[in-house]
Protein chains: 2
Amino acid sequence: MVQVIFTRRRFTHEVLRATLGPMETPEEPRWLDEEERQAWFALASVLMRLPSALDAQLQRDAGISHFEYQVLAGLSEAPDRTLRMTKLAKFAESALPRLSQVVGRLEKRGWVRRTPDPTDGRYTLATLTGDGWAKVVQTAPGHVAAVRSLVFDPLTKAQARQLTDIGRRIMRTIDPDDRCLGGPN
Amino acid sequence: MVQVIFTRRRFTHEVLRATLGPMETPEEPRWLDEEERQAWFALASVLMRLPSALDAQLQRDAGISHFEYQVLAGLSEAPDRTLRMTKLAKFAESALPRLSQVVGRLEKRGWVRRTPDPTDGRYTLATLTGDGWAKVVQTAPGHVAAVRSLVFDPLTKAQARQLTDIGRRIMRTIDPDDRCLGGPN
DNA sequence: GAAAATCACTTGCACCATGAAGCAATCTGC
DNA sequence: GCAGATTGCTTCATGGTGCAAGTGATTTTC
């Protein structure tokens, strides 16, 4: 899944106006006005195309998916380049099964090593190896450059600031409990 | 795939400063400054969580994925509720093989019908059935309500306008040839 | 007007994501 | 201190995605 939606141009108005009679009228929803529709359309396009554009850059230049990069990056900035699987999953905003498989792949490639936590055998510690660190170091510049060129170069400084606020407001609505303001976890 | 990336907090600076010596120095990339990092972090969160939040609403309330909704919606606003597969694919920003399978599923559910174009046997016309139209009519309000509550309710009018401009600038960078400004196709 | 190229679409295959069940280590109630 | 519940992680099965090859219809070329 993970895809995004439209509500394109005159669509929303027409659809319901046509055959709302026989249906249970859901108390006349508040449709999007023209400005909102344009904003939604612009946002939806970005939601669909920006992730794959960034993914493509990483895949092409480093042979890894964005999610894999994120896991490596998460470990690279952790103390001792080590994190428990659960923490890492939270960092990467992923479920455990997915992380488990990805870390398994990264382990096969020699970038990550798994060891049981000596203080509690239930935990698994994922550690970035030397090769993994080197991989991150060599991958990061290209990735940052892609983010810069696709996102920040076309925006003014003021717009980047606006974007911060906009993104945070939306995130607070989606998940108020999430530490998405750069706060610690 | 289709996932999004981070470049979290102090990460970008530290990573490279540490071991750039032995690598070929990629002419000292321009890192993100503090404001940019915060903006990127906010945007990345939205890119990861908003699509799945919207998908979840549709899946829960209507039993369809967002992509399926998009296909149905695209047909519902087309003349005669009919579109050629290629046009529909462009509308849904998807490749043809994916669309072909999804339309196959929608056809099995009775919402879409496929017929060869009488004027050119290569084309396939996808048509929304009566049931398909009803499905869209009953699904749209909840979906629009989700978009409104997750995106526009938390934003000011001015921010919504800013968002339009921001999104368009980013899209122009990703794909300058795309008609993503609401223009016709 | 027939061979070749092109076009629109479908199918097959490999990969990855998601959810349910499984397994092992630890904690809790008696 | 031992059975049962809980926690953390892994594995398995299903289903969707994306790419490359395949099919059938139309246009082009000579």
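Lettering follows sequence order; numbering is per chain, from 1. What you are looking at is a predicted structure, and each value in this text was computed from that prediction instead of being measured.
Checking B:T124 against A:D117, the closest nucleotide of DNA chain C that is more toward the 5' end is the one next to B:T124. Toward the 5′ end of DNA chain D lies the nearest nucleotide of A:R114, the other residue of the pair A:R114 and B:A95 mapping further downstream.
The CD-P distance, from B:Q101 to C:dA14, rounds to 15 Å in whole Å. Atom OH of A:Y123 is separated from atom C1' of D:dT6 by 11 Å (rounded to the nearest Å). Taking atom CE of B:M85 as the reference point, atom C1' of C:dT11 lies 13 Å away to the nearest angstrom. Separating the CG atom of A:L99 from the P atom of D:dT11 is a distance of 13 Å, rounded to the nearest angstrom. Rounded to whole Å, atom P of D:dG8 lies 13 Å from atom CG of A:L125. Across the protein-nucleic acid pair, B:D55 atom CG and C:dG19 atom P stand 11 Å apart, rounded to whole Å. Computed from coordinates, the B:L106 CG to D:dG16 C1' distance equals 13 Å when rounded to whole Å. If you measure from atom CG of A:D120 to atom P of D:dT7, you get 12 Å, rounded to the nearest angstrom.
For B:R113 and B:E107, the salt-bridge test fails: no basic side-chain N is under 4.0 Å from an acidic carboxylate O. Ionic pairing of B:R169 and B:D165 is present here: one or more N-O contacts between side-chain nitrogen and carboxylate oxygen are shorter than 4.0 angstrom.
For the atom pair OG (A:S65) and CD (A:Q59), the distance works out to 6.5 Å, reported to the nearest 0.5 Å.
Between A:R122 and D:dT6, a side-chain N or O to OP1/OP2 separation shorter than 4.0 Å is absent. In this model, the phosphate group of C:dA17 is approached by a side-chain N or O of A:R105 to a distance below 4.0 Å at OP1 or OP2. For the OP1/OP2 pair of C:dA17 and a distance below 4.0 Å, the side-chain nitrogens and oxygens of A:R98 include at least one atom meeting the criterion.
Residues A:E36 and A:L32 approach most closely at OE1-CA, 3.3 Å, considering heavy atoms.
Looking at heavy-atom distances under 4.0 Å, A:P97 makes contact with a base.
Side chain of B:L96, nearest nucleotide from D:dT17, C:dA25, C:dT10: C:dT10.
Put simply, the residue from B:L43, B:T156, B:L155 that forms a side-chain contact (heavy atoms from CB on, under 4.5 Å) with A:I166 is B:L155.
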